[in-house]
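Okay, so here's the structure we're looking at.
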Amino acid sequence: MVGRRILQVELRRPDLRTPFPRRFAQRLAGATTVALTRRAKYLLAALSSGESLLMHLGMSGSFRVTATDATATHDHVVFHLSSGSAVVFNDPRRFGFMDLARTDRLDRHPALKGLGPEPLSEAFDAGALARACAGKRTPLKSALLDQQVVAGLGNIYAVEALHIAGLSPQRQASTIATAGGEPRDSARALASAIKQVLAEAIDRQTSARYRAGRFRVYDREREPCRRPRCRGVIRRRTQAGRSTFYCPVCQR
DNA sequence: ATTGAGACCTGTCGGC
DNA sequence: TGCCGACAGGTCTCAA
């Protein structure tokens, strides 16, 4: 999309999770994509019009680039580009999201304004994690899914990071908080586990389509723990409505 | 103010 | 084969 002009936008329905903004297709038509970036799980396309397109895949959304006009079920938005190809947004569950906002005010957009630090940035470290968890009575796993604590971490990698760090998902979040100025070892372990698991995932592009059994704990209920010499068996439980997987032996 | 439950929507899978 | 419930990678709103 970068450097291409959006000739025309086809909207196949009035909404995804929320209605498309007013005059959505018209505001995009004629604009050139200047840059594609990301914040948390939001994709951001800065346009020559001075507006930015915010996009979120939700649970089941995907984009494909195509040269043909063939359309599939759940194709909701088609961007026709000056290159001759089209970018198609497909989303069966329609938990996806799109909106337009002025680029110079993007950080004030409701979807972006409360977000915590990017996990792979220098701003996110043991100290930042410890401070964000201070006073939180919620379980540590729930705290990791709180986008104000760390931006863009989802259910799979929250659970994976806790296993790497050897921390129980049920532990109260405040127990990893700062102890007299210095972050605890647990906060150091967890912050670096988050960075590690995300860096690995990006490296292998595993998130693009997850395959069962490739994770340390996620989706491995009743299977053996993969930590060397640990004899534990992975358990599953529900926390705040989401599935948590963990090893009761090596995660404390 | 935090926190958890429920809602949003469709598809898939396992059990009967 | 078919029906039914459980569950799915996210986020928002609402009521304790």
Side-chain angles (χ1 to χ4, degrees), chain A residues 12-21 38-44 54-64 71-77 88-99 101 108-116 118-119 131-163 169-177 194 197-198 200-202 204-223 234-246:
Chain A
R12 298 269 169 72
R13 51 173 304 120
D15 56 9
L16 295 171
R17 194 179 75 211
T18 62
F20 288 99
R38 177 195 61 75
R39 174 79 169 109
K41 292 172 192 152
Y42 292 89
L43 307 170
L44 305 171
L54 288 81
M55 298 162 278
H56 196 297
L57 300 176
M59 298 271 258
S60 57
S62 63
F63 282 101
R64 69 175 191 277
T71 133
T73 39
H74 308 305
D75 282 351
H76 304 311
V77 188
V88 183
F89 179 69
N90 181 284
D91 185 8
R93 290 178 77 177
R94 272 184 273 130
F95 285 175
F97 170 86
M98 286 192 197
D99 200 4
R108 273 124 86 183
H109 190 282
L112 305 182
K113 70 174 171 219
L115 294 171
E118 284 293 325
R131 281 191 300 279
C133 287
K136 279 203 179 291
R137 309 187 60 79
T138 195
L140 188 51
K141 154 75 180 321
S142 303
L144 291 184
L145 292 182
D146 180 346
Q147 301 293 298
Q148 303 202 149
V149 171
V150 51
L153 198 64
N155 199 43
I156 292 182
Y157 296 122
V159 150
E160 293 292 286
L162 285 168
H163 184 255
Q170 285 114 267
R171 173 203 267 263
Q172 192 170 290
S174 61
T175 62
I176 70 157
I194 289 168
V197 77
L198 292 178
E200 280 177 13
I202 291 166
R204 302 193 218 139
Q205 303 203 326
T206 44
S207 271
R209 178 181 276 279
Y210 90 73
R211 297 224 293 281
R214 305 211 28 213
F215 298 110
R216 289 167 175 84
V217 287
Y218 184 82
D219 209 16
R220 295 192 59 243
E221 187 181 19
R222 290 191 288 276
E223 292 178 41
I234 305 308
R235 286 200 193 146
R236 171 181 181 276
R237 66 164 51 205
T238 300
Q239 289 182 298
R242 319 293 309 277
S243 278
T244 296
F245 299 85
Y246 66 104

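No experiment lies behind these values; they were computed from the predicted model shown. The sequence lines fix the lettering, A, B, ..., with proteins before strands; numbering per chain opens at 1.
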Contiguous Watson-Crick or G-U pair runs (3 or more, under 3.5 Å) in DNA chain C: B:2-8 with C:10-16, B:10-16 with C:2-8

Which whole number of Å gives the distance between the [atom1] atom of [N] and that of [M]?
N	M	atom1	value
dT3(B)	dG9(C)	C1'	23 Å
dA1(B)	dT11(C)	P	23 Å
dC14(C)	dC9(B)	P	15 Å

Less than 4.0 angstrom between a side-chain N/O of [X] and OP1 or OP2 of [N], yes or no?
X	N	answer
Tyr157(A)	dG9(C)	no
Arg214(A)	dG9(C)	no
His74(A)	dT10(B)	no

Sugar-phosphate, base or nothing in reach of Ser243(A), heavy atoms under 4.0 Å: sugar-phosphate

Identify whether the distance between the nearest side-chain nitrogen and carboxylate oxygen of [X] and [Y] falls below 4.0 Å.
X	Y	result
Lys136(A)	Asp146(A)	yes
Asp219(A)	Arg236(A)	no
Arg13(A)	Asp15(A)	yes

Nearest listed nucleotide, side chain of Arg242(A), among dA8(C), dG11(B), dT11(C): dT11(C)

Given dC7(C), dG10(C), dG9(C), the nucleotide with the shortest approach to the side chain of Lys41(A): dG10(C)

Side chain to side chain, Arg235(A) and Arg222(A), heavy atoms closer than 4.5 Å: no

For atom CG of Leu57(A) and atom P of dT11(C), their distance in whole Å: 10 Å

Nearest-angstrom distance from the residue atom CE of Met98(A) to P of dG10(C): 18 Å

Non-hydrogen atoms of Lys141(A) and Ala158(A) that approach each other most closely: CD-CB, 4.3 Å

Heavy-atom pair with the smallest gap, counting every atom of Asp91(A) and Gly61(A): OD1-N, 3.4 Å

What's touching nucleotides 12-16 of chain C from the protein side, N or O pairs under 3.5 Å?
| from | atom 1 | to | atom 2 | distance (Å) |
| --- | --- | --- | --- | --- |
| dC12(C) | OP1 | Tyr42(A) | OH | 3.4 |

Could you list the protein-to-nucleotides 3-5 of chain B atom pairs, N/O on both sides, closer than 3.5 Å?
| from | atom 1 | to | atom 2 | distance (Å) |
| --- | --- | --- | --- | --- |
| dT3(B) | OP1 | Arg137(A) | N | 2.7 |
| dT3(B) | OP1 | Thr138(A) | N | 3.3 |
| dG4(B) | OP2 | Thr138(A) | OG1 | 2.8 |

Is_stacked (Phe95(A), dT11(C)) at 5.5 Å, 30 deg: no

Base dC9(B) paired with Arg94(A) side chain (donor-acceptor, <3.5 Å): no

